[in-house]
Amino acid sequence: MSVAVRPVVRTLTQAQLHAYADASGDHNPIHVDEEFARTTPFGGTIAHGMLVLALIGEMMYATFGEAWSASGRLKVRFKAPTRPGDTVTASAQLVKSGDGAAEYAVQCANQRGEVLIDGRAAVAGAA
Amino acid sequence: MTSPARTSITALPRGHELPPATFTLSSTQGAAYAAAVGDLNSYGDTVPPLAVVALGLAALQEHIALPEGSLHTSQEVEHAAVIRAGEPLTLTGRIAQRSERQGFIITVIEFEIGPASGTAVRARTTIMAPGGAA
């Protein structure tokens, strides 16, 4: 199996951070309270790590469908904060494949090329 | 934001078992999650796989307080089965690792989520929290 994975590109907004907080139940003020967030070392709100990681999940599901839901594996590090207004590109590069499985180096980077998330994703059982 | 019923993550020792949590992810919740992250995939009667992990993390925060300045530094997820919308799910978890470095407590929470038929998702979440925080 050697399948090219199409990148996902998305600009995150503060409204999206609020929507994600409601959908996930994670209302940590660093994500949703702009006044509070200005007093922190980040100087403003930052996106939930899992919201940014969702772009990688979306990208992998778009390529592998339920094989991803049933066998996908992710191992990532959150390397830098993502801020409202950032345009994030999630991408994957094949690093190895065989026996019906494939492993990709995955990352999310912002419009300045800063890596926000990096790691590996693997999937088995896809045609 | 710290409720008295919750324990700071910095106070939880390695091996601590977290109280099981039960929840369901309806198709409406799955759709709300997909809309929030901007995901245009069609999931049919299933839910976005990472939505389950996100709700699992929220369930854990009913028992674990994260001090100000805590950072989610890494995440591992292993999907083992598709999850259908509306399936009752149970989360079980524990503190798998705890270490200290440069004034921060680094905690790895390991948890599994699945319906009655078995585990559908295994995850490991690493949180770095200021060591002086209660």
Side-chain angles (χ1 to χ4, degrees), chain A residues 8 10-13 15-30 33 36 39-42 46-63 65-79 81 88 117-124, chain B residues 1 21 23 25-26 28-62 65-84 120-128 130:
Chain A
V8 167
R10 185 152 304 129
T11 299
L12 300 185
T13 65
Q16 200 170 1
L17 270 58
H18 283 287
Y20 183 84
D22 289 340
S24 69
D26 183 349
H27 292 275
N28 186 321
I30 192 63
D33 184 338
F36 165 80
T39 68
T40 72
F42 294 112
I46 59 172
H48 306 70
M50 291 298 290
L51 165 55
V52 186
L53 185 59
L55 273 63
I56 291 177
E58 173 185 347
M59 172 178 73
M60 298 304 285
Y61 186 90
T63 303
E66 288 198 4
W68 174 251
S69 302
S71 74
R73 285 183 286 125
L74 264 178
K75 183 174 183 178
V76 299
R77 289 182 302 163
F78 298 102
K79 300 191 65 144
V88 179
I117 295 176
D118 76 357
R120 294 293 175 109
V123 61
Chain B
M1 61 181 277
F23 59 96
L25 192 48
S26 67
T28 304
Q29 286 173 297
Y33 170 91
V37 302
D39 185 343
L40 299 176
N41 287 315
S42 172
Y43 289 92
D45 67 343
T46 71
V47 295
L50 282 180
V52 180
V53 179
L55 262 74
L57 288 170
L60 288 171
Q61 288 191 61
E62 292 181 13
L66 302 180
E68 258 180 51
S70 297
L71 294 172
H72 186 176
T73 58
S74 71
Q75 183 65 53
E76 296 179 39
V77 177
E78 185 179 332
H79 300 295
V82 171
I83 294 178
R84 308 282 165 197
V121 183
R122 295 182 186 87
R124 286 168 65 88
T125 300
T126 305
I127 303 288
M128 192 167 81

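Basis for what follows: all heavy atoms, side chains included, without hydrogens, waters or symmetry-related copies. Numbers restart at 1 for each chain; the letters A, B, ... are given by sequence-line order, proteins then strands.
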Where do Phe78(A) and His72(B) come nearest, in terms of heavy atoms and distance?
CD1-O, 3.2 Å
Roughly how far, to the nearest 0.5 Å, is CD1 of Ile46(A) from CG of Leu71(B)?
7.0 Å
Using a 4.5 Å cut-off on heavy atoms from C-beta on, say whether the side chain of Pro48(B) contacts that of Tyr61(A).
no
Heavy-atom cut-off 4.5 Å, strictly under: side chain, backbone, both or neither for Ala54(B) against chain A?
both
Please check if atom CZ in Arg10(A) has more than 12 non-hydrogen atoms from other residues, nucleotides or ligands closer than 6.0 Å.
yes
Residue pair Asp26(A) / Gln61(B), side-chain heavy-atom distance below 4.5 Å:
yes
Closest non-hydrogen atoms of Glu58(A) and Tyr43(B), given as atom of the first, atom of the second and distance, are CA-OH, 4.4 Å
Please give me the minimum heavy-atom distance between Glu66(A) and Val82(B), naming the atom from each residue.
OE1-CG2, 3.8 Å
What distance do Glu76(B) atom CD and Arg73(A) atom CZ have between them, rounded to the nearest 0.5 Å?
10.5 Å
Sorted by chain and number, sequence neighbours left out, ring-ring contact (aromatic ring centres under 6.0 Å, His included) with His48(A) holds for Tyr20(A), His31(A)
Is Asp39(B) close to chain A through its backbone or its side chain, or both, or neither, when contacts mean heavy atoms under 4.5 Å?
both
Check whether Leu25(B) gets within reach of chain A through its side chain, its backbone, both or neither, counting any heavy atom under 4.5 Å.
neither
Residues, nucleotides or ligands: over 12 heavy atoms within 6.0 Å of Arg77(A) CZ
no
Where do Leu53(A) and Leu50(B) come nearest, in terms of heavy atoms and distance?
O-CD1, 3.7 Å
To the nearest 0.5 Å, how far apart are NE2 in His79(B) and CG in Leu74(A)?
6.0 Å
Considering only heavy atoms, which portion of Gln29(B) lies under 4.5 Å from any heavy atom of chain A: side chain, backbone, both, or neither?
neither
Which answer fits Ile83(B), side chain, backbone, both or neither, if we ask what part of it has an atom under 4.5 Å from a heavy atom of chain A?
neither
On a heavy-atom basis, the closest approach of Ala58(B) and Ser24(A) is CB-O, 3.0 Å
Sort Ser42(B) into side chain, backbone, both or neither according to what part of it lies under 4.5 angstrom from a heavy atom of chain A.
backbone
Shortest non-hydrogen contact between Ala23(A) and Leu55(B), atoms and distance:
O-CD1, 3.6 Å
